[in-house]
Amino acid sequence: MWIFNSLIIAIAMYSKIPMPQAEWNEKNMRYAMCFFPVVGVVIGSAEFAAGYALLHWLHCKPLLFSVAMTLIPVLITGGIHLDGFADTVDAMSSYAERERRLEILKDPHTGAFAIIGLCCYFLANIGIWSEIGEKKLLVACCIFAFSRAMSGLAVVSFKAAKNSGLLRTFQDGAAKRRVRVVMMLWAVLTAFILLKISPAAGTAALAMGIAIYVYYYLFSRKYFGGTTGDLAGYFLQLCELGMLAGIMLAG
């Protein structure tokens, strides 16, 4: 039963998918992060189904296809990770000291640089999806589980920047060693699928994903003293955009 409850907590926390109630107790929280990539599987499945329908049944133009592919993850997640991306852009655009940057991450108000950053992100995402098209649709749909596996791995591996917050709650409640192993298994499995579908595009996507993971580690330590929930969202969005770009550029 606790496994089912952990699954419910992970999906309810990181998506807008309706789920039954589950108690947020120590036992249920211990392995909740293990199921974070399940949300990515749901997103990838929805992307493929919608993309196939738009291209094969409705014969849509590339612009409508790419807009739909960009919006589906937002609709499923409710934009929780985009919020972290926006907050991080705001914090970095302040050019303030570390403590001030951490304060900006907690500020519920949205600054001008966050809006600019989101606009640039969506435009880049739409542009990349318009170039991916049908040929690389399946491999592109596999990145959402991989990005969440890497994000979950960072949550239980990286130092927290603060002693409070949602990320710290998941860190403190998680069985870190076992969750770390599960996240690595998720990453290996999704990497294998990516390479099986398309060796060239899969390799390019994985190279981008791993490079951005290393950047995230160095970036979070240098500018924030560790990671936070907002920085985790920033990484996830950047990872997915970079992996899509790698797929687009692959032959």
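Keep in mind that this is a model prediction, so the values were computed, not measured.
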I would like to know whether Lys16 and Ile80 meet side-chain contact (heavy atoms from CB on, under 4.5 Å); could you show each step before the answer? CA-CA 9 Å; Lys16 302 296 287 185; Ile80 183 173; over 6 Å; no
Less than 6.0 Å separating the ring centroids of Tyr216 and Phe158?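 Judged by ring-centre distance (under 6.0 Å), Tyr216 and Phe158 do meet the cut-off.
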On the ring face of Tyr223, is Arg98 found with NZ or CZ under 6.0 Å from the centre and within 45° of the axis?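 Not flagged: Arg98 not positioned over aromatic ring of Tyr223.
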Check: [Y] and [X] side chains under 4.5 Å, non-hydrogen atoms:
X: Thr77; Y: Ile43; result: yes
X: Phe36; Y: Val179; result: no
X: Val74; Y: Phe122; result: yes
X: Ser6; Y: Phe35; result: yes

Under a single-linkage definition using a 4.5 Å side-chain heavy-atom cutoff for Ile, Leu, Val, Met, Phe, Trp and Tyr, are Phe4 and Val38 assigned to the same hydrophobic cluster? yes
Test side-chain contact (heavy atoms from CB on, under 4.5 Å) applied to Leu138 - qualifying residues, sequence neighbours left out: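 For Leu138, the residues satisfying side-chain contact (heavy atoms from CB on, under 4.5 Å) (neighbours in sequence not counted) are Phe48, Ile197.
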How many angstroms lie between atom CD1 of Ile128 and atom OG of Ser66, to the nearest 0.5 angstrom? 11.0 Å
As an exercise, state the distance from CD1 of Ile104 to CZ of Phe113, rounded to the nearest 0.5 Å.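 Answer rounded to 0.5 Å: 10.5 Å.
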Output yes when Glu97 and Arg100 qualify as a salt bridge under the 4.0 Å nitrogen-oxygen rule, no when they do not.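 Looking at Arg100 together with Glu97, the answer is no, because their closest N to O distance does not fall below 4.0 Å.
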Side chain to side chain donor-acceptor pair (under 3.5 Å) between Tyr213 and Ser151, worked out: CA-CA 8 Å; Tyr213 183 83; Ser151 180; over 6 Å; no
Go through the steps to decide whether Tyr234 and Phe219 satisfy the test ring pair (Phe, Tyr, Trp, His ring centres under 6.0 Å), and finish with yes or no. CA-CA 11 Å; Tyr234 171 79; Phe219 167 81; 5.3 Å; yes
